[in-house]
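Quick caveat, the model's predicted, so the values are computed rather than measured.
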Amino acid sequence: MTSPTTTIDVVVLTMNDRPTAFPQAMASLLVQQDVDLRVVIVGNGVEPDQVPAGVRTVTLPVNEGIPQGRNVGADALAGPGCGEFVFFFDNDAVLPASDILARLVTEARRHPEAAYIQPRIADPDTGVTLRRWVPRLRAGDVTRPGTVTVMAEGVVLVRRTDYQQAGGWPGHFFLFHEGVDLAWRLWDLGRTGWYAPDIVIHHPATDPARHASYYRLVARNRVWLAYRRLPAPLIPIYLATWTLLSLVRIRSRANLAVWFAGLREGLKGGYGQRRPMSWTTVLRLARAGRPPIV
């Protein structure tokens, strides 16, 4: 078991729209043992309510999106006394045992090369782990541990020094694919990610397409991701791959039209600073099982 002196900064976002799930999430967090927690709740366009005693809050006057909200939370806990790790925790997730965070830290100690540790996410009612929650291409066996190149960003433990060196989340993405962007930057620092499926965290298996802006943002952010992080020769390959996959996967013509509108929006610009990964990183990602073209 990890030392009680290990400090974890925990960032939780809220829009005050989960009056039942949010208190359950916080209760499961605050009973964690053998770690010291510094917790901040970021109200994304709201003043947080249902705040447990002793928990810090930050209020954003407008909803700035999930990745920027996470950045604000992590920055609020930075400085003297900050945690060795930052744990990003969705406010409808639940830690089903009081040793979850301690076990994640122990896993991080076992894998010092890993900038982030990804637990397995499972629906609390069915026990099912969705394919999109498994951060690798071959997701048939959700219980297989190993090195991973992307992350399920809603529930992930990141080393503070790596997070800061990488520059945090891409705040202007608002929602979707921000975890790929951060993971690629961490890999470009020479780091890796580790999937620890024996550490299970509960999260309801909701459909991301419930968000009205889903198809637009996933398409726009794919373009932004490519222009921000890929060497120039890989950009058209990456975008062609995802266009073909989307044509196969999206059955609704209306949704496909929204997807192409997002693609056009991304191509118009707005992706921010271009800092392509090195070809060495491209090879490392490919050797790890996921070349950055899919």
Side-chain angles (χ1 to χ4, degrees), residues 67 70-71 88 108 111-118 131-141 144-153 156-159 161-173 175-197 217-249 259 262-263 265-294:
R70 294 191 189 115
N71 284 337
F88 297 97
H111 300 281
E113 76 286 351
Y116 60 96
I117 305 297
Q118 179 73 66
R131 184 181 184 87
R132 61 184 168 86
W133 288 339
V134 183
R136 60 167 178 262
L137 287 178
R138 292 177 294 173
D141 181 2
R144 177 169 59 88
T147 298
V148 289
T149 63
V150 295
M151 65 173 71
E153 57 277 299
V156 63
L157 184 79
V158 187
R159 298 181 197 272
T161 53
D162 290 322
Y163 169 84
Q164 292 179 329
Q165 188 176 358
W169 304 94
H172 64 301
F173 273 38
L175 181 63
F176 303 122
H177 304 327
E178 68 270 17
V180 183
D181 186 277
L182 177 56
W184 281 358
R185 280 180 284 129
L186 291 168
W187 273 77
D188 209 34
L189 296 175
R191 309 291 281 146
T192 66
W194 183 261
Y195 177 53
L217 292 181
V218 295
R220 184 199 70 181
N221 290 357
R222 285 287 181 194
V223 178
W224 283 2
L225 182 66
Y227 277 96
R228 284 164 61 86
R229 303 299 169 211
L230 292 180
L234 295 186
I235 293 174
I237 300 174
Y238 181 87
L239 295 180
T241 298
W242 280 104
T243 298
L244 290 173
L245 286 173
S246 298
L247 287 171
V248 171
R249 292 175 178 175
W259 189 93
L263 186 72
E265 181 183 346
L267 291 170
K268 289 179 180 178
Y271 53 83
Q273 181 185 22
R274 174 163 166 75
R275 194 173 69 188
M277 67 179 69
S278 70
W279 284 104
T280 298
T281 301
V282 172
L283 292 174
R284 289 180 64 233
L285 290 170
R287 288 170 182 163
R290 189 161 192 165
I293 56 173
V294 66

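Not a single donor-acceptor pair under 3.5 Å links the side chain of R132 to the backbone N or O of A152. The main-chain N or O of A183 is never found under 3.5 Å from a side-chain atom of R191 such that the two would form a donor-acceptor pair. Side-chain atoms of R131 come within 3.5 Å of backbone atoms of L137 as a donor-acceptor pair (strictly under, hydrogens ignored).
The shortest distance between side-chain heavy atoms of T281 and W184 does not fall below 4.5 Å. Residues L157 and W194 have side chains not in contact (no heavy-atom distance under 4.5 Å, counting atoms from C-beta outward).
One distance of note links CG of L230 with CD1 of I237; it measures 9.5 Å at 0.5 Å rounding. Between T147 atom OG1 and R290 atom CZ the span is 14.5 Å, to the nearest 0.5 Å. Taken from CG in L285 to OG1 in T149, the straight-line distance is 5.5 Å, to the nearest 0.5 Å. Distance OH/Y271 to CG/L225: 13.0 Å, rounded to 0.5 Å. Rounding to the nearest 0.5 Å places CZ of R229 at 4.5 Å from CZ of R185.
Shortest non-hydrogen contact noted between V294 and Y238 is N-CD1, 4.1 Å. For the residue pair R220 and H172, the shortest heavy atom distance occurs at NH2-O, 3.6 Å. Nearest heavy-atom pair, F173 versus P67, reported as atom, atom and distance to 0.1 Å: CB-CG, 4.2 Å.
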Walk me through it: do R222 and F176 pass the test side-chain contact (heavy atoms from CB on, under 4.5 Å)? CA-CA 9 Å; R222 285 287 181 194; F176 303 122; over 6 Å; no

side-chain contact (heavy atoms from CB on, under 4.5 Å) for E153 and W169? Distances and angles first, verdict last. CA-CA 10 Å; E153 57 277 299; W169 304 94; 3.4 Å; yes

Report the C-alpha separation of E178 and R70 in whole Å, then their side-chain angles, then the decisive distance to 0.1 Å, and conclude whether the salt bridge (Lys or Arg N to Asp or Glu O under 4.0 Å) test is met. CA-CA 11 Å; E178 68 270 17; R70 294 191 189 115; 3.0 Å; yes

Applying side-chain contact (heavy atoms from CB on, under 4.5 Å), run through W242 and V223 and close with a yes or a no. CA-CA 10 Å; W242 280 104; V223 178; over 6 Å; no

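Annotation: R274, atom CZ; neighbour count of heavy atoms from other residues, nucleotides and ligands within 6.0 Å is above 12.
T243 and S246 share no donor-acceptor pair across their side chains, judged by distance under 3.5 Å alone.
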